[in-house]
Amino acid sequence: MTFPRRSFLHLTLAGALLALAPAAHAEPVRGGTLTLLLPSEPTALVTVGNVATPILSVSAKVTEGLLKYDYDLKPEPQLATAWQISPDGTVYTFTLRQGVKWHDGKPFTAADVAYSIDLLKRIHPRGRNTFANVTAIETPDDHTVVLRLSKPAPYLIRAFVATETPIVPKHVYEGTDPLTNPATSAPIGTGPYKFKEWVRGSHIVYERNPDYWDKPKPYIDRLIVRIVADPAAAAIAFETGTADLGYRTPVPLADLARLKTVPSLRFETKGNSYSYNVTRLEFNLDEPHFKNEKVRQAVAHAVDRNVILKVVNYGVGQVAYSPIAPGLKTYNDPAPSPYAYDLKRANALLDEAGYPKGADGVRFRVPLDYNPIGADGARLADYLRTTLARVGIAVAVRSQDASAFIKRVYTDRDFAFTTNGASNLFDPTVGVQRLYWSKNFIKGVPFSNGTHYSNPKVDELLEGAAVENDPARRVELFKEFQRIVAREVPDLNLYQPEFITIANQRVHDHSLTADGVESNLADVYLQ
């Protein structure tokens, strides 16, 4: 039988979509072990003081939040069963779930919530601005928490997911250094899984919590998190079935097309709407070369974002010029960079900045550190080394593990510039402000204002947007902020990656909420 060309193409496309679609929903089956693959090892197991991607991957399995969110960021109950916001936006009242116990048997109460929010406001990389307007936390009884704000915070109701606002046990953390407390690496929570063991460099084991408040969940008996740093080995693990689940595109992008032909695998992009990411080049504005704005402008002119997206990220994603990701369409300014790709202009700016080329063609030498979390870091560093050499900047690429990278950039500040990823999350006040707000330059706090950027006007705009209840006015404040940052180039925003979750076809219900695999995975089952 022959088909018209158009019909054949439609049938081919339909077949491809069917192959990638999840299987029809069935009744959950109890039992079995799920293996979640991570390309990089966490430095902690709870997102109290660090929000690196590997920690986000595991934190909520043990430590939950007050709310969860559907794909459109509509709040749903978790540890809170009900919530109210006063008409003026300054009082949030949460009714807590009763009968919940911590994994050590102690009861979960409002005191735990109050302690956690106060702690996050002090030490969490984003908590400083997320809860900036919270002036009082009241607990009128064991199952009610009242947050009183000095000013409205229009984004706040979307900030109570488990990874962003983890509720931790007061009786375990109080009176200790929360960053070194044993619970950071052996967590105690209310979640569907209990921490069992962490074999550094190899795996983490979680076991089913038989006393979980949301019975009959969880359905699986055991969750094993495998650390597979070699991208090629990760691809093989999915092909052979030794890995069941991975997110944020856990395999080399070059292998995606081949893996999509493997019948046992499914591919999903849902479960990423809670956080859009932007891959960035961050300058250390205290470093002698990059404190000069003309040098930063020259680097901007030497970078071709379209080539980066195509070569570094295999075209998976979209170009980003702004600190606010294109996925946050309401607030993103799509205007291109004022510094278009132009090597001639880049060379002229470096001459004006006082860095002429030497006899060897080199103007100056700087190290470049890349964030090792994710496979794109090394590729992006290689591209930058090559393109900047064309304008006389000799780049020495330095690699290190995640712990050493975080210490170098955020504690020691022993770097010139770095490639990094930034989670925008669900709102610029939460995900973007921390990177540019002068008050969020805090040594030792990872993924905060690492550039040491400081502009009073930008502070004013960000602080104004954080409390602005008029949606149109809020958009304009963020747009003006983006225009200023684009001109002053404390960093270069390069592209927004598209994240793909890979799952064995036996894995069901792994990405039912806006945070996908970063959720507690209470609903997941194997069939």
Side-chain angles (χ1 to χ4, degrees), residues 39-40 51-54 56-57 125 231 247-254 256 269 272-284 296 299-300 302-328 332-334 336-337 339 341 368-388 395 397-400 402 405-406 409-410 415-425 428 431-432 434-436 446-451 453 482 485-486 489-500:
S40 185
V51 289
T53 298
L56 293 172
S57 307
Y247 84 125
R248 293 199 178 203
T249 319
V251 299
L253 290 167
L256 268 181
T269 56
N272 291 308
S273 55
Y274 195 78
S275 178
Y276 293 99
N277 276 42
V278 175
T279 296
R280 314 158 59 229
L281 177 63
E282 296 179 292
F283 300 106
N284 181 352
R296 303 196 304 273
V299 172
V303 167
D304 189 329
R305 288 172 172 81
N306 290 298
V307 170
I308 288 175
L309 181 64
K310 181 178 179 180
V311 173
V312 173
N313 222 50
Y314 293 83
V316 181
Q318 58 183 308
V319 164
Y321 299 102
S322 163
I324 300 178
L328 290 176
N332 169 260
D333 184 353
S337 167
Y339 310 107
Y341 179 63
L368 171 63
D369 297 280
Y370 65 87
N371 188 334
I373 301 172
D376 61 341
R379 293 195 303 271
L380 179 55
D382 285 340
Y383 166 82
L384 292 167
R385 177 178 58 190
T386 300
T387 195
L388 293 180
V395 173
V397 175
R398 292 192 298 206
S399 63
Q400 57 239 292
F405 171 82
I406 289 170
V409 173
Y410 297 101
F415 76 105
F417 60 161
T418 177
T419 66
N420 212 339
S423 298
N424 274 207
L425 286 118
V432 178
R434 63 190 168 110
L435 306 172
Y436 302 90
F447 308 110
S448 52
N449 182 352
T451 64
Y453 179 62
Q482 290 170 87
V485 169
V489 281
D491 59 3
L492 291 177
N493 295 279
L494 303 173
Y495 63 90
Q496 174 188 291
E498 179 180 48
F499 292 134
I500 299 170

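Checked against Asp376 for a side-chain hydrogen bond (donor to acceptor under 3.5 Å, both in side chains), the options Tyr370, Tyr495, Tyr314 give a single hit: Tyr495.
Looking at Ser322 and Asn493, their side chains never come closer than 4.5 Å, going by heavy atoms from C-beta outward. A 4.5 Å side-chain heavy-atom check between Leu435 and Ser448 finds every atom pair outside the cut-off.
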Task: side-chain hydrogen bond (donor to acceptor under 3.5 Å, both in side chains) evaluation trace for Asp369 with Gln400 - done: CA-CA 8 Å; Asp369 297 280; Gln400 57 239 292; 3.0 Å; yes
TODO: Take Leu388 and Phe417, measure what side-chain contact (heavy atoms from CB on, under 4.5 Å) needs, and give me the verdict at the end.
DONE: CA-CA 13 Å; Leu388 293 180; Phe417 60 161; 3.8 Å; yes
- [ ] I would like to know whether Asn449 and Thr451 meet side-chain hydrogen bond (donor to acceptor under 3.5 Å, both in side chains); could you show each step before the answer?
- [x] CA-CA 6 Å; Asn449 182 352; Thr451 64; 3.2 Å; yes
- [ ] Dump the intermediate steps for side-chain hydrogen bond (donor to acceptor under 3.5 Å, both in side chains) on Tyr247 and Ser57, then the final yes or no.
- [x] CA-CA 9 Å; Tyr247 84 125; Ser57 307; 2.9 Å; yes
- [ ] Using the ring-ring contact (aromatic ring centres under 6.0 Å, His included) rule, take Tyr453 and Phe283 through it: C-alpha gap first, then chi angles, then the decisive distance, then the call.
- [x] CA-CA 9 Å; Tyr453 179 62; Phe283 300 106; over 10 Å; no
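In this structure, CZ on Arg248 lies 7.5 Å from CG on Asn272, to the nearest 0.5 angstrom. A distance of 11.0 Å separates CG of Leu368 from OG of Ser399, quoted to the nearest 0.5 Å. Here Leu281 contributes atom CG and Leu380 contributes atom CG; the two are 7.5 Å apart, rounded to the nearest 0.5 Å. Taking CZ of Phe499 as the start and OG1 of Thr249 as the end, the distance is 7.0 Å to the nearest 0.5 Å. A distance of 11.0 Å separates OH in Tyr274 from OG in Ser423, rounded to the nearest 0.5 Å.
Salt bridge present: Arg385 and Asp382 bring a charged side-chain N and a carboxylate O closer than 4.0 Å.
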